[in-house]
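Input: a single structure, listed below in structure tokens.
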Protein chains: 2
Amino acid sequence: MRPTIKDVAKKAGVSHTTVSMVIHNDKRITEETRQKVLRAIKEINYYPNYSARSLIQGKSNTIAFVTPFFYFSSFFEIYTMHGLEKYNLDNKNKYVIQQFTTGPDEKRRNDLLLELLYGRRADAIIGLGFVPDIKILEEYRNKNVPIVLIDAKAKYVHIVRADNYYGGYIATEYLIKKGKKNIAIISAQLSASLAPEQRLKGYSDALKANGLDFKKENLIFVEHFLFEEGRQAIREILEKKLNVDAIFSAAGDWVAMGVITEARKLGIKIPQDISIVGYDDIIVSETIIPPLTTVRQPTFDMGKKAFEIAVNAMEGKIIKETEEIFKPELVIRESA
Amino acid sequence: MRPTIKDVAKKAGVSHTTVSMVIHNDKRITEETRQKVLRAIKEINYYPNYSARSLIQGKSNTIAFVTPFFYFSSFFEIYTMHGLEKYNLDNKNKYVIQQFTTGPDEKRRNDLLLELLYGRRADAIIGLGFVPDIKILEEYRNKNVPIVLIDAKAKYVHIVRADNYYGGYIATEYLIKKGKKNIAIISAQLSASLAPEQRLKGYSDALKANGLDFKKENLIFVEHFLFEEGRQAIREILEKKLNVDAIFSAAGDWVAMGVITEARKLGIKIPQDISIVGYDDIIVSETIIPPLTTVRQPTFDMGKKAFEIAVNAMEGKIIKETEEIFKPELVIRESA
DNA sequence: CTGAAAGCGCTTACAG
DNA sequence: CTGAAAGCGCTTACAG
């Protein structure tokens, strides 16, 4: 039904081998033959069958982006994905990006990873928000199929991550320099990403380095990085009468915005009464009133880098596992 | 390197044809043989080669999601994508979703579509934000490869769209019922999607139906659906001394939020002085102060439906082109 | 109930 | 410089 390489061959009056060689720019072909073949390809609208090519080459020319999150739940994920797309687009969409959302079920994710590996369905994996079983990592390693993990840490894989310790440190230090003495931190529960832990450590080290004590009661936990949790957090802080003069939402801007919204409703002046610093710099952070001071993660660049590493590793240009660490930066607006 | 169907056959002591039949649940195979084969598959960790299967079956089991937007620029796109993912996940990821961002270059997009079709790289297309050339639509039609277009209108394809006329109408009608007499509308320039035009028509019809005139000077244009453009729009409205008592941002919530932010900065009370209604109900619309009254589009459901149609059309369960029209609804909060 | 054979559409040594 | 042949890993009639 669709023209094949043989149809092109017939049309051009050459063998299909020759057609294949023209397509692959083999220099042994004469210019004349080349032109003849190219004309035939144009005329009958020939495009190589992708599956046949993959089968014979033993690779899929595909990169799988795997995440457990239910359909793009976070800005982190979205921006990272932007980065992937951008890198690929800049390289003429040389590879196909396949999108896999697995949900939280670990077994399901592992099955998918095995299928991608053994079914030759992807030449590289970019993972976000999880760490595969060590057994799976070993199998990928054996088969020489690269895995790039974003915001995680594991053996045998390439890592792209942000320096969360540094992010926690500079946010806290900034508040201290502004004269704040009693800074609460809102932190996520510990997860696969280690980010919460590292930010917390940055926070407490910054306190210590400036002669302030880490107070356990100033640590507020949050579970889902939600706006609503921020509103609750500030109420909790007030109820406990912690008398804080600043809040660092290491659990993201979303939570920070909840804090701001609720605080203003309660008549608290920001930043005069309480200063707020967020984390992430999501697209809406500068539109809230007052605009949010926050730690920006270079998620877009991280996505690009992840893709670049995946491509280079696939193509054999990288042999050893790499670890790219991105420095976050403080974006100063009006909330602190 | 990776085990093939022949390795399974050898291990199980049967022919590879039998293995294939077991994999495809052919009932002619005895239970005993079945078990033997299944055991062998488990033991040597066999997964079918995806490319080989695609080649022989003449299909890729892949749905391509194509959009010209640079890396997920809009919430509309993100939510739609959520819907696709969700539908697929609920169906055990039966199909693979491939993600293609083409950028604004039309030729590039057409090339991609031809390649997907003739290279047998996708069994169906879901497109957002563009209409392919009629020639391409015809070729897809001839080859019986379904295209589902979201938020567009074209021949030969399945359509999933929202009723933008209705959305424009109910938003305007609501403002009128609230006693507003001089309602400005912020509209996007006309685009491929027709949405701006239809919303505008809904707006002006609602005015007429309630004895109000459509005034040309009350129509403000915006280009990129941006927050910043909303800020500019309200300044423009004030400078022109239009004396409006309400603004309907048919160009989306993002713009509406710009209007609100700038208006408050200028000391305008919302909704008392000027009421604002947005369009889309993006995730942040309820977090702004005052929370935004807006027209919600069921984008998530639209994405799900688009995927469902694509699947059913691929599988021959739908023959004729369908058109699914979703009704938007007014979400009443505090800005109007 | 199972297997041998043909074939999907390519690419890649190899021969001439 | 070009072509015939083998083969990638499957599936699907067909034969027994």
Side-chain angles (χ1 to χ4, degrees), chain A residues 1-38 40-41 44-62 96 115-123 143, chain B residues 1-38 40-41 44-62 96 115-123 143:
Chain A
M1 189 164 119
R2 263 153 262 204
T4 73
I5 199 168
K6 287 185 184 170
D7 299 318
V8 178
K10 200 179 295 173
K11 183 101 191 168
V14 298
S15 78
H16 73 274
T17 308
T18 303
V19 175
S20 179
M21 292 173 97
V22 169
I23 290 171
H24 290 88
N25 288 317
D26 194 306
K27 317 118 202 159
R28 288 173 295 179
I29 306 291
T30 51
E31 187 55 25
E32 198 192 329
T33 314
R34 234 176 70 79
Q35 289 307 333
K36 230 174 18 186
V37 170
L38 289 178
I41 287 177
I44 68 175
N45 233 343
Y46 168 73
Y47 288 83
N49 182 307
Y50 208 71
S51 303
R53 191 176 258 183
S54 296
L55 174 59
I56 194 96
Q57 288 180 157
K59 57 178 184 159
S60 63
N61 298 304
T62 281
V96 171
E115 206 184 315
L116 291 173
L117 178 65
Y118 284 103
R120 284 207 174 281
R121 290 174 51 172
D123 299 338
K143 303 280 184 274
Chain B
M1 191 165 118
R2 264 153 264 204
T4 71
I5 199 169
K6 288 186 182 170
D7 299 319
V8 178
K10 200 179 293 173
K11 184 101 193 167
V14 298
S15 77
H16 72 274
T17 306
T18 303
V19 176
S20 178
M21 293 174 98
V22 169
I23 291 172
H24 290 87
N25 288 316
D26 194 305
K27 318 118 202 162
R28 289 173 297 180
I29 306 291
T30 52
E31 187 55 26
E32 198 192 330
T33 313
R34 236 176 70 80
Q35 289 306 333
K36 230 172 21 184
V37 171
L38 289 178
I41 287 177
I44 68 175
N45 232 341
Y46 167 74
Y47 289 82
N49 182 306
Y50 208 71
S51 303
R53 188 175 261 185
S54 298
L55 175 59
I56 194 95
Q57 290 182 155
K59 56 178 187 160
S60 62
N61 298 305
T62 280
V96 172
E115 206 183 316
L116 292 174
L117 178 64
Y118 284 103
R120 282 206 176 281
R121 290 174 52 175
D123 299 337
K143 304 280 184 273

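Order of the sequence lines sets the chain letters (A, B, ...), proteins ahead of strands, with each chain counted from 1.
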Rounded to whole Å, how long is the line connecting atom [atom1] of [X] with atom [atom2] of [N]?
X: A/H24; N: C/dA13; atom1: NE2; atom2: P; result: 12 Å
X: A/I56; N: C/dC8; atom1: CD1; atom2: C1'; result: 12 Å
X: B/L55; N: C/dG7; atom1: CG; atom2: P; result: 14 Å
X: B/Q57; N: D/dC10; atom1: CD; atom2: P; result: 12 Å
X: B/I5; N: D/dG9; atom1: CD1; atom2: P; result: 11 Å
X: A/D7; N: C/dC8; atom1: CG; atom2: P; result: 11 Å
X: A/Y118; N: D/dC10; atom1: OH; atom2: P; result: 14 Å
X: B/R120; N: D/dC10; atom1: CZ; atom2: P; result: 20 Å

Here the helical stems involving DNA chain C, each at least 3 consecutive Watson-Crick or G-U pairs closer than 3.5 Å, sorted by first residue number, are C:1-3 with D:14-16, C:5-12 with D:5-12, C:14-16 with D:1-3
Could you pull out all residues at least two apart from [X] that satisfy side chain to side chain donor-acceptor pair (under 3.5 Å)?
X: A/S60; answer: A/D123
X: B/R121; answer: B/E115
X: A/Q57; answer: none
X: A/E31; answer: A/R34, A/Q35

Those residues at least two apart in sequence (or on a different chain) that pass side-chain contact (heavy atoms from CB on, under 4.5 Å) with A/L117 are A/E139, A/Y140, A/K143, A/V145, B/R2
Residues pairing under salt bridge (charged side-chain N to carboxylate O under 4.0 Å, His left out) where one sits in residues 9-30 of chain A, two or more places apart or in two chains, turn out to be A/K11-A/E43, A/D26-A/R28
List, with names and distances, any nitrogen or oxygen atoms from the protein found under 3.5 Å away from nitrogen or oxygen atoms belonging to nucleotides 1-5 of chain D.
{"unit_1": "D/dT2", "atom_1": "OP1", "unit_2": "A/T30", "atom_2": "OG1", "d": "3.3"}
{"unit_1": "D/dT2", "atom_1": "OP1", "unit_2": "A/T33", "atom_2": "OG1", "d": "2.5"}
{"unit_1": "D/dT2", "atom_1": "OP2", "unit_2": "A/T30", "atom_2": "N", "d": "3.2"}
{"unit_1": "D/dG3", "atom_1": "OP2", "unit_2": "A/S15", "atom_2": "N", "d": "3.0"}
{"unit_1": "D/dG3", "atom_1": "OP2", "unit_2": "A/S15", "atom_2": "OG", "d": "3.3"}
{"unit_1": "D/dG3", "atom_1": "OP2", "unit_2": "A/T18", "atom_2": "OG1", "d": "2.5"}
{"unit_1": "D/dA4", "atom_1": "N7", "unit_2": "A/T17", "atom_2": "OG1", "d": "3.4"}
{"unit_1": "D/dA4", "atom_1": "N6", "unit_2": "A/T17", "atom_2": "OG1", "d": "3.0"}

Correct closest heavy-atom pair for B/N61 and B/Y50 would be CB-OH, 3.3 Å
Q: Have a look at A/Y46 and say if it touches a base, only the backbone sugar-phosphate, or nothing, with a 4.0 Å heavy-atom cut-off.
A: sugar-phosphate
Decide yes or no on side chain to side chain contact (heavy atoms under 4.5 Å, CB included) for B/N49 and B/T4, but give the supporting numbers first.
-> CA-CA 8 Å; B/N49 182 306; B/T4 71; over 6 Å; no
Tabulate below the donor-acceptor pairs under 3.5 Å that side-chain atoms of residues 16-25 of chain A make, not counting sequence neighbours, or state none.
{"unit_1": "A/T18", "atom_1": "OG1", "unit_2": "A/S15", "atom_2": "OG", "d": "3.2"}
{"unit_1": "A/H24", "atom_1": "ND1", "unit_2": "A/S20", "atom_2": "O", "d": "2.9"}

